[in-house]
Peer 1: 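Before I ask anything, here is the structure I am working with.
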2 protein chains.
Amino acid sequence: MSRVNTPQRFINLRQAGSLPDGAIELIARRFAVLSEPARLRLVHALFDAEKSVNALAEETGSSQPNTSRHLQALASVGVVSRRREGPQSLYSICDPSIYKLCDLVCGSIEKQLARQVGVFNPDVRLGAQPRRP
Amino acid sequence: MSRVNTPQRFINLRQAGSLPDGAIELIARRFAVLSEPARLRLVHALFDAEKSVNALAEETGSSQPNTSRHLQALASVGVVSRRREGPQSLYSICDPSIYKLCDLVCGSIEKQLARQVGVFNPDVRLGAQPRRP
DNA sequence: GACTAATATGCGTACATGAGCATATGTGTA
DNA sequence: TACACATATGCTCATGTACGCATATTAGTC
């Protein structure tokens with residue numbers, strides 16, 4: 001085994017210190033790639049299956065060049081990966097944490113919206129609290 | 001109880017469909033706010049305690065006006081909240097999901113780095129796999 | 001090699017946004 | 001009211017980047 005076997009994190013935004021040089025920039029870059037609607041649509045479209053650039057362009061309503069570039073951006077941070085099959089490039093999700101990430105953010109936004117709606121109509125809840133039905 | 005009591009999500013990037021108008025933009029906005037190193041440093045600094053604008057400016061090495069603006073951006077998406085106490089504004093984390101979010105992203109980045117390092121030196125692992133030591 | 005389909009890339013433009021500076025606003029005190 | 005401290009906000013400039021367009025590159029087929 002290796003000399004390092006503790007499950008401790010080197011990069012940990014939650015802990016004081018624990019932030020090597022450039023770590024913040026890495027994290028920021030990851031979020032930045034996910035901060036574009038066009039790229040989120042691609043991620044959304046890729047959740048069910050591996051797809052080609054043209055298929056994704058059509059499904060997301062974006063141009064082929066833009067789709068290609070956005071996919072490269074997603075690949076540059078390891079969210080998706082590329083596989084050549086004949087003349088086409090097939091992209092697929094390769095970072096499993098993206099699923100939880102999206103769930104977290106979507107859940108958080110729903111809770112927030114539910115709170116805002118609740119201010120006007122306390123009877124309406126968007127079903128954002130999955131605990132104790 | 002309300003008429004809506006199923007724990008199902010209205011906004012769910014993982015599920016086909018399930019994306020109301022503007023949902024993608026909401027999610028993108030959330031990520032965008034987290035995609036700035038200066039703001040991540042603020043979040044990092046706020047994890048241990050509620051702090052004032054000046055204290056945060058000093059701790060993160062940013063100017064007072066910029067710190068104020070960044071805090072407003074974080075507040076605009078509900079990550080932090082503001083509380084007045086005398087002449088100063090005290091900011092604090094108000095979205096608990098941000099903790100898990102940071103853990104997820106940091107963990108994902110570490111795994112990725114470990115994989116990259118492993119290519120050159122297969123003996124080194126950054127301890128990013130907490131399961132089965 | 002010539003041709004076609006799929007994908008990637010170079011380039012110019014438009015737009016969003018972060019930083020610095022000065023200054024306005026707000027809050028408590030004498 | 002005058003003052004001091006803390007915070008928020010116009011304003012301008014510089015930079016990053018998404019888009020559209022044209023075109024280069026790659027892979028397969030004849």
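Letters A, B, ... are given to chains in the order of the sequence lines, protein chains preceding strands, and every chain is numbered from 1. Here the structure is a predicted model, which is why all the values come from computation and not from measurement.
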Peer 1: Please give, in whole Å, the distance from dA8(C) P to Leu90(A) CG?
Peer 2: 10 Å
Peer 1: Quick one, Ile93(B) and Tyr99(B) - any side-chain contact, counting heavy atoms below 4.5 Å?
Peer 2: yes
Peer 1: Is the count of non-hydrogen atoms from other residues, nucleotides or ligands lying under 6.0 Å from Glu50(A) atom CD greater than 12?
Peer 2: yes
Peer 1: For DNA chain D, which residues of residues 48-58 of chain B approach it to below 4.0 angstrom with any heavy atom?
Peer 2: Ser52(B), Val53(B), Asn54(B)
Peer 1: Between Thr60(B) (side chain only) and Leu56(B) (backbone N and O only), is there a donor and an acceptor less than 3.5 Å apart?
Peer 2: yes
Peer 1: With a 3.5 Å distance limit and no angle check, can you tell me whether Lys51(B) reaches the backbone of Ser92(B) through a side-chain donor-acceptor pair?
Peer 2: no
Peer 1: Rounded to the Å, how far apart are Leu34(B) CG and dG18(C) P?
Peer 2: 12 Å
Peer 1: In whole Å, I'd like the distance from the CZ atom of Phe31(A) to the C1' atom of dG18(C).
Peer 2: 19 Å
Peer 1: Atom CD of Glu36(A) and atom P of dA16(C): how far apart are they, to the nearest Å?
Peer 2: 12 Å
Peer 1: Find which nucleotide of DNA chain D each of Arg39(A) and Gly86(A) is nearest to by heavy atoms, and output the residue with the more 5' nucleotide.
Peer 2: Arg39(A)
Peer 1: Kindly say if Ser89(A) contacts the phosphate of dA8(C), meaning a side-chain N or O under 4.0 Å from OP1 or OP2.
Peer 2: yes
Peer 1: What is the distance from CG of Asn66(B) to P of dA22(C), rounded to the nearest Å?
Peer 2: 14 Å
Peer 1: Under the criterion side-chain contact (heavy atoms from CB on, under 4.5 Å), I'd like the reasoning laid out for Leu34(A) against Ile27(B): C-alpha separation, chi angles, the key distance, then a yes or no.
Peer 2: CA-CA 9 Å; Leu34(A) 295 173; Ile27(B) 303 169; over 6 Å; no
Peer 1: Could you tell me the separation between the CD atom of Gln88(A) and the P atom of dA8(C), rounded to a whole number of Å?
Peer 2: 11 Å
Peer 1: With a 3.5 Å distance limit and no angle check, can you tell me whether Thr67(B) reaches the backbone of Ser63(B) through a side-chain donor-acceptor pair?
Peer 2: yes
Peer 1: Reckon Tyr91(A) has a side-chain N or O less than 4.0 Å from the OP1 or OP2 of dA6(C)?
Peer 2: no
Peer 1: Evaluate side chain to side chain donor-acceptor pair (under 3.5 Å) for Arg30(B) paired with Gln112(A), printing each intermediate quantity in order.
Peer 2: CA-CA 12 Å; Arg30(B) 174 74 55 116; Gln112(A) 210 169 301; 2.7 Å; yes
Peer 1: Judged by each residue's nearest nucleotide on DNA chain D, which is more toward the 5′ side, Ala38(A) or Pro87(A)?
Peer 2: Ala38(A)
Peer 1: Under 4.0 Å between a side-chain N/O of His70(B) and OP1 or OP2 of dA19(C), yes or no?
Peer 2: yes
Peer 1: Does anyone know the first and last nucleotide of DNA chain D in reach of chain A, 5' to 3', at under 4.0 angstrom to a heavy atom?
Peer 2: dA18(D) to dG28(D)
Peer 1: May I have the distance from Glu85(A) (atom CD) to dA5(C) (atom P), rounded to whole angstrom?
Peer 2: 19 Å
Peer 1: Could you tell me whether the side chain of Arg39(A) and the main chain of Leu42(A) form a donor-acceptor pair under 3.5 Å?
Peer 2: no
Peer 1: For the pair made of CZ in Arg84(B) and C1' in dG26(C), what is the distance, rounded to whole Å?
Peer 2: 6 Å
Peer 1: Can you name the side chain to side chain donor-acceptor pair (under 3.5 Å) partners of Ser97(B), sequence neighbours left out?
Peer 2: Asp95(B)
Peer 1: To the nearest 0.5 Å, how far apart are CD in Glu25(B) and CD in Glu36(A)?
Peer 2: 9.5 Å
Peer 1: Which part of the nucleic acid, if any, lies within contact of Gln64(A), taking any heavy atom under 4.0 Å across all strands shown: a base, the sugar-phosphate backbone alone, or nothing?
Peer 2: base
Peer 1: So, under a plain 3.5 Å distance rule, would you say the side chain of Arg69(A) forms a donor-acceptor pair with the base of dG10(C)?
Peer 2: yes
